[in-house]
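Everything on this sheet refers to the single structure shown next.
All of these numbers come straight from a predicted model, not from anything done at the bench.
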Amino acid sequence: MYDISSRPTWDEYFMMLAKLTATRSTCLAFPVGAVIVKDRQVLSTGYNGSPSGSVHCTTQGFCYPDLSACNASKILPSRSVHAEANAIAQAAKHGISTGGASIYVTLEPCLSCLKIIISAGIREVYYETTFNTGDNIKVRDFLLKDSSIELIPILVSEATAKRSAAFLLNPTSVETFS
């Protein structure tokens, strides 16, 4: 028998979609997924990886020659287009407005992505893992205050994650008996 109390909340549902989207990442440093949602409808998804048409870091086994991952250098910029930017670009490519939407992302947006999110008219950012530290927190907080965007940490409950894993590992569209 299906237990309705075990359904994920909407926030858990969309965060799980972001986590599933992250499985498509081609970045060696941080697999990140993003889902843009408006009125409980998915508008767009994105994951981080090399620009479209470029060889993937996961394919070649490195980001740059002699550099195992982009975060291993303080000088060279990341090759990855970030998940948030990819989700916004996908929406734009298909003529989908992100004004007034929310974004669910597995990693707190960097400052560059936060500025893109602000410019895209997204109003709420739900994230799983903290990213910004030190002076970046001051800049982030200034950007948030100036834009009225909400930054909301969220975790998927263990019970929801376990139940969802069972759905991924087993056929779901079969009749079950208690």
Side-chain angles (χ1 to χ4, degrees), residues 7-51 57-58 63 69-72 77-92 96-165 167-168:
R7 285 179 74 197
T9 66
W10 283 107
D11 290 336
E12 287 178 318
Y13 171 70
F14 293 125
M15 182 55 73
M16 286 191 298
L17 289 177
K19 290 169 77 75
L20 194 57
T21 302
T23 66
R24 294 284 305 153
S25 172
T26 62
C27 178
L28 295 168
F30 296 105
V32 180
V35 176
I36 300 174
V37 175
K38 187 172 184 180
D39 298 326
R40 294 186 178 165
Q41 294 296 311
V42 174
L43 302 180
S44 180
T45 66
Y47 52 87
N48 60 332
S50 305
C57 298
T58 53
C63 295
C70 293
N71 65 339
S78 172
R79 285 186 65 227
S80 280
V81 177
H82 290 187
E84 305 92 324
N86 268 327
I88 292 167
Q90 284 299 311
I96 300 168
S97 171
T98 56
S102 300
I103 189 167
Y104 291 78
V105 64
T106 59
L107 184 66
E108 176 188 8
C110 69
L111 297 179
S112 293
C113 285
L114 185 57
K115 291 185 275 187
I116 292 169
I117 288 166
I118 292 166
S119 293
I122 293 171
R123 306 308 312 157
E124 298 168 319
V125 179
Y126 295 87
Y127 69 95
E128 179 181 54
T129 304
T130 301
F131 176 74
N132 292 300
T133 60
D135 287 338
N136 282 2
I137 292 173
K138 293 176 189 174
V139 176
R140 178 201 67 194
D141 290 348
F142 174 78
L143 290 170
L144 292 172
K145 181 178 179 236
D146 203 37
S147 66
S148 299
I149 285 184
E150 287 187 73
L151 188 63
I152 306 158
I154 180 172
L155 293 174
V156 174
S157 74
E158 185 175 344
T160 297
K162 284 181 178 179
R163 183 167 185 276
S164 299
F167 270 64
L168 292 172

*Would Lys162 and Ser157 satisfy side-chain contact (heavy atoms from CB on, under 4.5 Å), going step by step from the backbone distance to the final call?*
CA-CA 9 Å; Lys162 284 181 178 179; Ser157 74; over 6 Å; no
*Passes side-chain contact (heavy atoms from CB on, under 4.5 Å), Leu114 versus Val139? Steps please.*
CA-CA 10 Å; Leu114 185 57; Val139 176; over 6 Å; no
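Separating the CG atom in Asn136 from the CG atom in Leu143 is a distance of 10.0 Å, to the nearest 0.5 Å. Separating the CG atom in Leu111 from the CG atom in Asn132 is a distance of 5.0 Å, to the nearest 0.5 Å. The line from CD of Glu124 to CG of Leu151 is 11.0 Å long, rounded to the nearest 0.5 Å. To the nearest 0.5 Å, atom CD1 of residue Ile117 and atom OG of residue Ser112 are 11.0 Å apart. Note that the OH atom of Tyr127 and the CD1 atom of Ile152 stand 9.5 Å from one another [nearest 0.5 Å]. A distance of 12.5 Å separates CZ in Arg140 from CG in Asp135, rounded to the nearest 0.5 Å.
Looking at every heavy atom in both residues, Cys57 comes nearest to Leu28 through O-CD1, 3.7 Å. Closest of all the heavy-atom pairs between Ser25 and Asn48 is OG-OD1, 2.8 Å. Contact detail for Val156 and Ala161: the closest heavy-atom pair is CG1-N, 3.9 Å. Scanning all heavy atoms of the two residues, the minimum distance from Ile96 to Leu43 falls at CD1-O, 3.5 Å. Heavy-atom minimum distance, Tyr104 versus Met15: CD2-N, 3.9 Å. Counting all heavy atoms, side chain and backbone alike, Ile36 lies closest to Ala101 at CG2-CB, 3.7 Å.
A perpendicular orientation is assigned to the rings of Tyr13 and Trp10, their planes being inclined by more than 60° (bins at 30° and 60°). Relative ring orientation between Phe30 and Phe131 is described as perpendicular, the plane-to-plane angle rising above 60° on a 0-90° scale split at 30° and 60°.
Within 6.0 Å of CZ in Arg24 there are 12 or fewer heavy atoms belonging to other residues, nucleotides or ligands. The 12-atom threshold is not exceeded at CG of Asp39, counting heavy atoms of other residues, nucleotides or ligands nearer than 6.0 Å. Within 6.0 Å of NZ on Lys19 lie no more than 12 heavy atoms contributed by other residues, nucleotides or ligands.
Put simply, the side chain of Ile122 does not reach to within 4.5 Å of the side chain of Ile149, judged on heavy atoms. Annotation: side chain of Arg79 is not in contact with side chain of Cys27 (no heavy-atom distance under 4.5 Å). Side-chain contact between Tyr47 and Asn86: absent, with no pair of heavy atoms (C-beta onward) separated by less than 4.5 Å. Side-chain contact check for Leu17 versus Thr45: every heavy-atom pair is 4.5 Å or farther apart. By the 4.5 Å heavy-atom criterion applied to side chains, Ile103 and Thr98 are not counted as neighbours. Taking 4.5 Å as the limit, some side-chain heavy atom of Leu155 sits within range of a side-chain heavy atom of Glu128. The shortest distance between side-chain heavy atoms of Cys110 and His82 falls below 4.5 Å.
Thr9 places a side-chain N or O within donor-acceptor distance of the main-chain N or O of Glu12, the cut-off being under 3.5 Å. Although no hydrogens or angles enter the test, the distance criterion places a donor-acceptor pair under 3.5 Å between the side chain of Thr106 and the main chain of Gly33. At distances below 3.5 Å, not a single donor-acceptor pair connects side-chain atoms of Glu84 with backbone N or O atoms of Ile116.
Note on Asp141 versus Lys138: no salt bridge recorded, every NZ/NE/NH1/NH2 to OD/OE distance being 4.0 Å or above.
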